S.K.: 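Right, I'll just put the structure down here and ask away after.
All values derive from a computational prediction rather than experimental measurement. Letters go in sequence order (proteins before strands), and every chain restarts at 1.
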Amino acid sequence: MESKKLPVLPVSAPPEGSVPHAPLGEGCFLGETQRPKAPKLREALATIKNWFRANSLWVMAYGTGCGSIELRPLTTARFDMERFGLAMRPTPRQSNVLIISGYLAVKSLKRVIRAYEQMPSPKWVVGLGSCTINGGMYWDSYNTINQLDLYLPVDTYIAGCMPRPEALLAGFGYLMEKIKKGEANGWHHYLENLDWYKENQKKVITAWDLPDYNW
Amino acid sequence: MKTIVDDIRTRFIVEWEHQQREDLRQIGVRPGTVVPLLGWLKLHSPFVQLTHMSAVDWIEEGELQLTYLLTDPVGMRSLMVCTRIDREEATMESVHALWPQAVTYEQEINEMFGICFPGSPRQGVPFILEGWDDMPPMRRDFDTVEHVHAHHPSRPGREHTDPRAYIGRVFGERGFLHDDD
Amino acid sequence: MPLATKILWSIVGVFGALAYGLAIGGVIRKVMARIQGRIGPPVWQPYIDLGKNLSLRTATHHGVMSFIAPIFRAAGGIGVFLLVPVVIGVPALENFSFSGDLLMVMYFIFFGSLGMALGAAEAGHPHSPIGISRGLAQMSSYELPFALAVVALAAQAGSFSIREIILAQQGGWLHWNLFANPLAAAAAFLAFLGMNMYAPFNIVGAPQEIPVGPPTEFNSQFLSLLMVGRATFAVAKIVLYMDLFLGGAHSLPEALVKTFLIYFWSIFVGAVFPRFRTEQSIRFFLGWPTLAGIAGVLLVIFSH
Amino acid sequence: MVNPILLIAAGLGVAFLLPVIDRAGRVVSRAVHLLTLLFGLIVSLRWLAALTGGAQAAQIITGGWIPPIGINLRFGPLEAALVALANLTAIAAALYLAHHEEQSTVKSLVIQLLLVVGATGLIMTRDLFNTFVFLEISGIGSYALLAFGRERDGLEAGFKYMALGSAASTFFLLGVAFLYKLTGTLNLDDMVGKLSGVTVAGVGTVLLLVMVGLMAELKLFPLNGPAIDIYDAAEPGVNALLVGTTLNALMFTFFKVMALYRGNSWLLAIATVGMTTFVVSNLLAIRQKKVRRMLGYSSSAQMGLMIFLLPFIRTDVVLMSAMALLLLNHTLAKAGLLWLAGIHGGRELDDWRGAFPDSIAMRVSLAALILAIAGLPPFPGFWGKWQALVGLARSTAWPWIIPLLVGSLLELVYYFGWLRRIVEPAGAESRGSLRTAFSEVAGVLLFAGLAIAFGVRLTASVWGGLGNPAILLGIIGLVLVVAQGISQKAQAALSVLAVGWVILRVVQLAHGCPLWDVRGLFLVVALFGALIIAIAGIGMPAGRGSFWGLFLILVGSIVGLLTSDSLLGFFAGWELMTWSSYFLVSQGREGAKPGLLYMLFSGAAGFLILGGLMAAEGAGIDSMAQLGQLSGGTALAAWCLLAAGFAVKVASWGVHIWAPGAYSESPDLFTPFLSGVISKVPVFGLAAVAARISAPAFAAFLGGIEPAHVLAWVGGLTAFGMTLLAVFQEDAKRLLAYSSVGQVGYIVLALAAMTPLGWTAGLWHVVNHLLFKSLLFLAVAGVVYRTGTRRFADMGGLITRMPISFVSVLIGIIALSGVPPLSGFAGKWLLYEALVDRGWLLLTGFMMFASAVAFLYCFRLIHSIFLGQLKREHREIREAPAPLLVSQGLLMVAILALSVRPRLLLEPLQRLVTGIFGQPGLQFASATKITSSLGYFNAAAIMTLVAALFIVLLFFLLFAGPKSRKVGQLDIVYAAEVPPPPEEIHYAWAFYMPYERAFKPILGSTVTAFWSGVKDVTEALADAGRRVYTGDAQTYVLYTLLFILVLAGLGLAG
């Protein structure tokens, strides 16, 4: 079928007094975009540090899809994730875990990437629900991605549609074990294969107006 | 409800009407009548609120239908004003001067159906589809699956079934939505 | 006591305060969890968090001020602690209180807040200045009852020296300012709620509004320093209140018990109240607490 | 020596010959005319010189008859001076009038000469009928001269004027005739003796007739209607001539006739009429929109003032010189202003916006003459008024001081209302340029020059001679004002040199004789503040062309004020400071209106202070050192008035409304000085003047409440109120303005404690406030200079572009807020200890609260300008100019020095307070530890502690965690969105909105409402009064009758 372009429309002038948004990328005050170097994975006192990291996972409070409804019960008396040292943080600068809770629209993907890159390393991504694994029931939507790990390094997948909070806790337990063993190195993989990730990301995010890496 | 429509009939040409529910009536008018009619309704009838605006692609008839849902917030009833415009020359007068919130509806319809509302602010500004370079996805001749295959590769090993065929196989030709099954 | 020994002791003191402050933080989280019917994190969770923040692999800052702001914060907390005598009669635990009196302590409290505010503001996130503007507004308003209480105590003891104020309360618990001037104590303890910024006065970090407020942009070791500052500052505050109202302490266990009780006053209030709006909080402090403070001062004026 | 009669003879002769001479050409006749006047001037000046040298006054006997039968004339020093003045005015008037067509005829020349002759005769004659003759000559001359005008209004006004004049002459003649009947003599000196023997019942009525005649001629209220119409309608040059000749002569005649009025009721009547005229005319002038009419009212007022003084001259000869000075002042100023009005041509006040944009000489003359007539120093009128007031204060007539001061304040109102238009920046519509003919403006320049010269001379005589640094600074300033060729930066450099030189000179002086301590402290503050500003001025333009000249005058006046020991010297310096700072404030872009408000409140403050000083003068005290001798009710009155005046000048709560505008709209370089130094002068007044009045004198005030406690609460309220208002400002300079006023409130409060500790606190804060507030204002000046805006919302993120300015502001706000380890803490510490020590506990609590509120605006200041998001248009902005940074550096060094070693200042302060109170407020326990009776602190130890902690933690930060990376400005957590442009996310507008909401109940604008109410009432009064002058001759006749009745009631009562 011949694809039809949108009719070319006259874009009206913005209302008076409003400031047009700064063009992104160059000149957008984001500073010099430095290509980050992946540090050496080996580090001193790794066992202790990993124990600290595993027992104090701060979760980015960010919901992308219907799965985020399953996150809320975790803070309640019934499931109480705080007893494992898990806590919600509202800012990526202080978070260690990013949960992709369900389907992920292209528009959201861009925000997710930005949030992910603003998190301090080491950081972990948890894919929640089938949608993050293979598109799930939304596989043929014009606007959602089908495989999360093409764009972000996923450390733990929690399958199901939707997984229950117990499954989430189990997933966190798995992630903590992995961290303690020093195997949860998705962040490192991301940095090492940044070009590949970026290529994939830019393939779907056609209006790419981000710098190549946000700190 | 009826009286309002009668009142409308004395002033505008109403092509058809239909009582959907007790508190919801549909009327169909020509595109050129829509804006004067809505303006009149806002000024002289209890239907002062634009609750919703939507579009439907009648591809078989080569037309797009625009529906304006007006509400009488006091009498708790609604009036749908429908109109059909040509699918190829999809242009419609904007109503944002009557209701500022129409801007967002018009922006979204513009993006999803490719209907142009000249003069409405933010036409052509991305709303949900950032960087969209295909045809408007809500037009029925847009092939979603083809688009997905082109843009969002499936994980190897995942099997896809055609929903229609799958539903037919499991529930029979009539699908599963019928109560008498 | 020679200066070197003094410095050594104060280092020990600061680490002790840090440990105590963090532990108190853990206990709070535990208590809050129990109140909400949860199990809650282990008491040592703050230590783990601190260790975690120190073991991160990257850190970011937004400029010079935002780099050194945590230093201000921590120096403010530690400095205040070092200016308050913890246990009276034990030179090692009287810290550097001979360098400045109560007024010095009151103003040193601002040191950390001001530096933190500057750094947070430089980070450029709009939530930071919003949080700071709320915080400063609230700070100035609880300062009024607190100042009135301090003035009353100083006039009562005839001195601004914390040591003198403690010594004036010796000779039985009825001599404590808590009972000797209950009005001033009421004013000060209400102000304490604001100082600790738990509900209903947690308008600075206000979850659901400006999520973490000023420290939005701080991470890794910067965040750790902020935690250090917060913990030591909390200890310094409660020690100060103990000195001013509970007759100080003659031994470490006594100090622990008294300070713990003072702190939990604000925790228990915080556990059962929802948050105020900013202007409600301001009006609250300028209302009854201030009247209590004025009454406390008048009590001193007319009883002397 | 030429016989003075020749003055009359020559004048008359030439007058009649002029039409003949004119045949030889107008040039010749003009030359002869001028030569005659010059002759008169030279003769009278030589006589004056001889007479002041001790010669006998000339008695001229005419016609060989010995008085009392013959007519005799007298030519004493007063006469000589007046005649010289008349001739001088006439010369200048002739030069001016030659340029005005209708006055350039030979007829006009003749009449001008006749006017001079008439005036000379009036001045010299001692014969009453002869007086009448010369009165008629003058009268006819003036009617004729006015009738040369061609405007219909002018002619009508002239006719009414003539009618009134004739009536007045008739009254006078009738009175003289009856007097002759009663005493049998016309000779004045003879008559005085004989009149005392007359006991006929009608004598009072007769005297009344003479008085009414003269008063009508002098146009006193309410008989001044036609005269004011004349001012409005006729050529101003003619009026100028009349002021210099006829009016002065009439005044002198009245003076001579005064000898006839013996009874106290007469004196009271005259004084009442004079004072009523003074106050009412000044009140009515406020609402005038027309310049010439306003000048007319002013003339009436001045005449009224002089008439008012006449009765008192009899008892106090000092008033004689007061009168002479006032008359000289009025002649110079009014004649000059009238000529200026003619040259400029603007009739409406609003025509005078930015008058004479291209001629500094005219602008200076205009300003000088307005100042002169408003009775400000250094011009003669000021000294005249002072002497008059002293005379009154020392007599039983002291209550008259109150209306006199009120009237003077009203005078300030309208003259500065006029000046407000003049100092506005010149626009396209600005009028008045220096015409090509020098001779037309020669009179103006001459009179202005004379006024200035007299002024400098008089000031020098009070401030210890022309060699005094204060005077020299003033003269250099004057030169700079006029010297327009020099660039601003060069002027600033010159100012640096001048101020530096004065500093050296003061240091030298200090070596010889130890300065009085408080004075020395304030001198250091003032000169250091001035030096800082001058250095900064090398880097950036300030105000307009005359900025630096005025600045030096201002500094000179402050130096003079601080070094002068007499009350007069103090007050002269005070008023000089007031007007010179007024001009500087007005030089801001929008400074004219706030400047006016500043001037009016300062003027009111000045008059309150004047009242206080007069209370002291009344007790025979004229130097500061003697103030301690005051006692009882006088001490209380003096203290209260002085304290009130100083409180107005520091903009205490309630009268603070002038401050924000004046601070924020004044030129950016001047604001630091306004805040750092000028606001300290009233503090000096409190410390050096008010505080010297012994405190025990008013212990019983208001049932045991000490006045000092009231003052303390005023200071405290100011500190709190202004701090609170500062929090809600959206403009950097306005914020600092409120903050400044609040900080001075602390100083007032501390000084009011009147304890060693309180004074230590107050004086420490004087120095500290100078340092940090100058620093803040200078840093903001640099920012404003670079960004072109003062609004917080338009700035932000400048820390990367202007790091040094940022550090300045940072140090400034830390020192302001009192956070250790900087010097502000010592100030707070001293204040609280002092207040608790004094027993003012509640005040202590509220001051602690106020200090906490100060944090709010401190943070807002630094955040909104330097932190947050950098605007796109500021990305390339540069750091402030280097000299500005040098100034800031000096201030920062001073702050740091005081922070580390507070003893540097505290020790001298202890010596100072020990000198005053007999005991110090502080002890120095060790090299660094400072203790008071209540507490202690160790600045060096705290500094070390902070530094050590800082270094340790910095190392921790650098090495404990990973290497930190600096991210871009917009790389912030913005809900994972890409942030909008910096303009939208810089949180700076309505920064403390919740705070504002919380304080809404007490943030009403009651103060502003009150003062606008005062303004409305005054204007309504003036408006109602203005309707008195209908322009209808019949009403004027009615007024005359009423006037006579009232006067008869007053005069004949005794």
Side-chain angles (χ1 to χ4, degrees), chain C residues 54 56-63 65 67 70-71 74-75 78-79 82 96 99-101 103-104 107-108 110-111 114 117-118 121-126 129-130 132-134 136-137 139-140 143-144 147-148 151 154-155 159-161 216-217 220-221 225 278-279 282-283 293-294 297 300-301, chain D residues 797 799-800 810 814 817-820 825 828-829 832-833 836 839 841-842 844-846 848-849 852-853 855-856 859 862-863 867-869 934-938 941-942 945-946 949-950 953-954 956-957 960-967 969-970 972-974 985 987 991-992 994-995 997-999:
Chain C
L54 280 174
L56 293 179
R57 303 288 295 263
T58 53
T60 55
H61 66 274
H62 278 265
M65 279 319 290
F67 191 92
I71 304 181
I78 297 171
L82 285 179
F96 289 96
S99 300
D101 53 16
L103 290 173
M104 175 61 88
Y107 273 84
F108 212 91
F110 296 131
F111 183 83
L114 188 70
L118 293 175
E122 201 204 6
H125 195 283
I130 293 174
I132 294 162
S133 101
R134 292 163 164 222
L136 285 175
M139 180 274 289
S140 79
E143 189 70 12
L144 180 55
L148 287 166
V151 169
S159 172
F160 270 111
S161 156
T216 304
E217 291 285 327
S220 304
Q221 68 263 47
L225 261 196
T278 314
E279 60 264 32
I282 294 163
R283 287 205 193 115
I294 292 174
V297 170
V300 174
I301 292 177
Chain D
I799 178 171
T800 51
L810 181 60
I814 294 181
S817 55
V819 170
F825 174 70
K828 301 279 179 208
W829 184 84
Y832 300 146
E833 309 249 325
V836 172
L841 299 185
L842 280 180
T844 321
F846 282 108
M848 285 180 176
F849 179 41
V853 176
F855 277 98
L856 271 70
F859 177 72
I862 197 163
H863 161 74
L867 304 174
Q869 295 284 341
L934 284 164
Y936 54 87
F937 85 102
N938 187 337
I942 295 297
L945 179 68
V946 171
L949 280 177
F950 213 89
L953 292 170
L954 185 64
F956 174 80
L957 207 50
K963 192 171 179 301
S964 178
R965 179 178 183 274
K966 186 179 180 306
V967 294
Q969 181 194 340
L970 272 183
I972 53 173
V973 177
Y974 201 75
I985 51 172
Y987 182 68
F991 198 79
Y992 291 112
Y995 210 58
R997 279 203 289 263
F999 276 99

S.K.: Does D:Y995 reach the side chain of C:L136, with side-chain heavy atoms less than 4.5 Å apart?
M.R.: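 No, too far: nothing below the 4.5 Å cut-off.
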S.K.: Quick check for you: among D:I814, D:L810, D:V853, D:L949, which has the greatest number of heavy-atom pairs under 4.5 Å with chain C?
M.R.: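 The answer is D:L949.
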S.K.: Looking at D:G845, D:P820, D:G839, which has the largest count of heavy-atom pairs under 4.5 Å with chain C?
M.R.: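 Heavy-atom pair counts peak at D:P820.
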S.K.: Contact between C:I132 and D:Y987 at the side-chain level, heavy atoms closer than 4.5 Å - yes or no?
M.R.: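 No - every pair of side-chain heavy atoms lies 4.5 Å or more apart.
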S.K.: If only atom types and distance count, is the side chain of C:S159 paired as donor or acceptor with the main-chain N or O of D:L934 below 3.5 Å?
M.R.: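 Indeed, once roles are kept as given, a pair shorter than 3.5 Å links the two residues.
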S.K.: Contact between C:H62 and D:I972 at the side-chain level, heavy atoms closer than 4.5 Å - yes or no?
M.R.: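 Yes, side chains in contact.
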S.K.: Against chain C, label D:L842 side chain, backbone, both or neither, depending on which of its atoms sit under 4.5 Å from a heavy atom there.
M.R.: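 For D:L842, backbone and side chain are both near chain C.
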S.K.: What residue, out of C:H61, C:E279, C:E122, has the most heavy-atom pairs lying under 4.5 Å from chain D?
M.R.: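 When all of C:H61, C:E279, C:E122 are compared, C:H61 has the most.
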S.K.: What part of D:L954 is in contact with chain C, defined as an atom under 4.5 angstrom from a non-hydrogen atom: side chain, backbone, both or neither?
M.R.: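 Contact with chain C is through both the backbone and side chain of D:L954.
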S.K.: With chain C as the partner, which of D:Y974, D:F956, D:Y832 has the greatest number of non-hydrogen pairs under 4.5 Å?
M.R.: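 It is D:Y832.
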S.K.: Can you name the nearest heavy-atom pair linking D:A998 to C:I282, along with the distance?
M.R.: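 That would be CB-CG2, 3.7 Å.
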S.K.: Quick check: do C:F67 and D:S964 have side-chain heavy atoms less than 4.5 Å from each other?
M.R.: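 Answer yes - side chains close enough.
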S.K.: If you count heavy-atom pairs within less than 4.5 Å of chain D, which of C:V297, C:L56, C:L144 leads?
M.R.: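 Highest number of pairs under 4.5 Å: C:L144.
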S.K.: Between C:P129 and D:F991, is there a side-chain heavy-atom distance shorter than 4.5 Å?
M.R.: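 Side-chain contact under 4.5 Å: yes.
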S.K.: Backbone N or O of D:M848 within a donor-acceptor pair of the C:E143 side chain at under 3.5 Å?
M.R.: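 Pair absent, no side-chain N/O of C:E143 close to backbone of D:M848.
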S.K.: Show the nearest heavy-atom pair for residues C:A121 and D:F859, with the distance to one decimal.
M.R.: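 For C:A121 and D:F859, the tightest heavy-atom pair comes out as CB-CZ, 3.7 Å.
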S.K.: Is any side-chain heavy atom of C:L103 closer than 4.5 Å to a side-chain heavy atom of D:K828?
M.R.: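 They are not in contact (no side-chain heavy atoms under 4.5 Å apart), so the answer is no.
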S.K.: Which residue out of C:L225, C:L114, C:T216, C:L148 racks up the most heavy-atom pairs below 4.5 Å with chain D?
M.R.: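 So the answer, after comparing C:L225, C:L114, C:T216, C:L148, is C:L225.
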S.K.: Find the one option among D:T844, D:I985, D:L945, D:I942 whose heavy-atom pairs under 4.5 Å with chain C are most numerous.
M.R.: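 Among the listed options, the one with the most contacts to chain C is D:I942.
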S.K.: About how many Å separate OH of C:Y107 and CH2 of D:W829, when rounded to the nearest 0.5 Å?
M.R.: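 Nearest 0.5 Å value for the CH2-OH distance: 13.5 Å.
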S.K.: Distance from D:H863 atom NE2 to C:L118 atom CG, nearest 0.5 Å?
M.R.: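 Reported value, rounded in 0.5 Å steps: 10.5 Å.
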S.K.: Identify which of D:V836, D:L841, D:V946 forms the greatest number of heavy-atom pairs closer than 4.5 Å to chain C.
M.R.: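 Between D:V836, D:L841, D:V946, the count favours D:L841.
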S.K.: One pair to check against side chain to side chain contact (heavy atoms under 4.5 Å, CB included): C:D101 and D:E833. What are the steps and the verdict?
M.R.: CA-CA 11 Å; C:D101 53 16; D:E833 309 249 325; 3.1 Å; yes
S.K.: Measuring only between side-chain heavy atoms, which start at C-beta, is C:M104 closer than 4.5 Å to D:F825?
M.R.: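 Heavy-atom side-chain distance check passes, below 4.5 Å.
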S.K.: Heavy-atom pairs under 4.5 Å with chain D: which of C:G100, C:A75, C:A147 has the most?
M.R.: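 Option with the top pair count is C:G100.
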S.K.: May I ask you to test the D:F846-C:I294 pair for a side-chain heavy-atom distance under 4.5 Å?
M.R.: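 Yes - at least one pair of side-chain heavy atoms lies under 4.5 Å apart.
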S.K.: For the atom pair CZ (C:R134) and OH (D:Y992), what is the distance rounded to the nearest 0.5 Å?
M.R.: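 Result: 13.0 Å between the selected atoms.
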